Undergrad: 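Following this message is one structure expressed as structure tokens.
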2 protein chains.
Amino acid sequence: MQFTKAEEYGMLGVLYLSEKTPGSITPLSEIAEAKAIPEKFLAKIFQSLSRATIVRSHRGVRGGFSLAKDPKEVTVKEVLESIHGPYHLIKCTNNADICEKAEYCSLRELLSIAERKLIQIFEDHTLAELVEWEKAKQSVS
Amino acid sequence: MQFTKAEEYGMLGVLYLSEKTPGSITPLSEIAEAKAIPEKFLAKIFQSLSRATIVRSHRGVRGGFSLAKDPKEVTVKEVLESIHGPYHLIKCTNNADICEKAEYCSLRELLSIAERKLIQIFEDHTLAELVEWEKAKQSVS
DNA sequence: GTCGCTATGCAGTTTACAAAAGCTGAAGAA
DNA sequence: TTCTTCAGCTTTTGTAAACTGCATAGCGAC
Ligand code: SF4
Ligand code: SF4
């Protein structure tokens, strides 16, 4: 019941891109260094994000990644689900066949509620919002 | 970012006790068999619950475990936190020292919000409620 | 009081998956 | 052509979850 590194790195990566001027291209090496993320690990994560068209890849010299959409249009949920697939607190909330008690299990019901709330939160916030928060905090200090 | 077996087993265990007549004593072996849980694993979990005085242990012949409190008074949060300690989606929400960016990190802020919501849900529901849900569902079918 | 039953406590082992690294290739710009 | 950067796959490493075993201690029954 923990946020994984892949999810954290992915979010930090897209947030980094979100702060840049729209459409600009940034190589993986720069992101990895700026955020202190193992480059090959980040590469794998960005492949997923690329397939989900959250990010666009550009090969060759001066290549790298750019955001594929306006940060205002990308929710945290989209980013997270691109990395690890649909999110579930417990497997049986996804697939009732896993457990024969699923039909009656009250724990499953509670976790379904919790899960929906959690996803709701991730859906309610966009990358642009998070960047705003960051700026607000930094200007205070 | 997943509910662990220990947490699931612990919940199933106390729910099983909650359904029994108050104060009655049930041996671990019965719970383990009824819920298809490895007995020794459940034993470890119940030790934590015992230390947290959610459950009371009784040794010797016809010994076992009984609920230490009224199911109406025990929240899901208490049970879960007895098993795995205070719950955190990511380590830095607990301890800002882990990351030098913690002060400004917007991801940390978002996860703190999500975490609070999640804990809130677990705090808002008691064992008695869950047992009710279960009964309601079973009577329908 | 002693015998059998049940929890206690701790030290393991095994398994599973996250996290990271490595390598070969393909695409693209200069 | 050549260098740069991503793509895709395999393998390694690390760590925590999941489970097991055993020796001990408390308690009840008789
Ligand atoms: S017991 Fe309940 S929570 Fe556990 S797997 Fe079955 S349905 Fe899901
Ligand atoms: S980067 Fe943000 S989320 Fe990751 S550890 Fe630091 S504060 Fe927490």
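Any value given below was found using the heavy atoms of this structure, including those in side chains, with hydrogens, waters and symmetry copies removed. What you see is a predicted model; the values in this text were computed from it and never measured. Chain A is the first sequence line, chain B the second, and so forth, proteins listed ahead of strands; every chain is numbered from 1.
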Undergrad: Counting just side-chain N and O atoms, does Q47(A) come under 4.0 Å of either OP1 or OP2 of dC6(D)?
TA: no
Undergrad: Can you tell me if S82(A) uses its side chain to pair, donor with acceptor, with the backbone of E78(A) under 3.5 Å?
TA: yes
Undergrad: Between dG21(D) atom P and L42(B) atom CG, what is the distance in whole Å?
TA: 16 Å
Undergrad: Identify whether any heavy atom of F46(A) sits under 4.0 Å from a base atom; if not, whether one sits that close to sugar-phosphate; answer base, sugar-phosphate or nothing.
TA: nothing
Undergrad: Mind calculating the distance between CD1 (I90(A)) and C1' (dA17(D)) to the nearest angstrom?
TA: 14 Å
Undergrad: OP1 or OP2 of dT8(C) sitting under 4.0 Å from any side-chain N/O of S57(B)?
TA: yes
Undergrad: Test your reading of the model: is there a side-chain donor-acceptor pair from H125(B) to the backbone of I121(B), 3.5 Å cut-off?
TA: yes
Undergrad: Just by modelled atom types, is the L89(B) backbone N or O under 3.5 Å from a matching donor or acceptor in the E115(B) side chain?
TA: yes
Undergrad: Using a cut-off of 4.0 Å on non-hydrogen atoms, how would the nucleic acid contact of R51(A) be classed: base, sugar-phosphate, or nothing?
TA: sugar-phosphate
Undergrad: Can you measure I25(B) atom CD1 to dA29(D) atom P for me and round it to whole angstrom units?
TA: 10 Å
Undergrad: Kindly check if the number of other-residue, nucleotide or ligand heavy atoms within 6.0 Å of NZ (K101(B)) is above 12?
TA: yes
Undergrad: Taking T4(B)'s backbone N and O only, do any of them form a donor-acceptor pair with E7(B)'s side chain (distance below 3.5 Å, no angle check)?
TA: yes
Undergrad: Can you measure L28(B) atom CG to dG9(C) atom C1' for me and round it to whole angstrom units?
TA: 14 Å
Undergrad: May I ask you to decide if Y16(A)'s main-chain N or O and E19(A)'s side chain share a donor-acceptor pair within less than 3.5 Å?
TA: no
Undergrad: Produce a footprint string for nucleotides 19-30 of chain C: one letter per nucleotide, 5' end first; B if the base is under 4.0 Å from any protein heavy atom, S if only the sugar-phosphate is, - if neither.
TA: SBBBB-BBBBS-
Undergrad: Mind calculating the distance between CD1 (I37(B)) and P (dA17(D)) to the nearest angstrom?
TA: 18 Å
Undergrad: For I83(A) and dA18(C), what is the distance between atoms CD1 and P respectively, to the nearest whole Å?
TA: 13 Å
Undergrad: Can a side chain N or O of S29(B) be found less than 4.0 Å away from OP1 or OP2 on dT6(C)?
TA: no
Undergrad: So does T75(B) get a backbone contact from the side chain of E123(B), meaning a donor-acceptor N/O pair under 3.5 Å?
TA: no
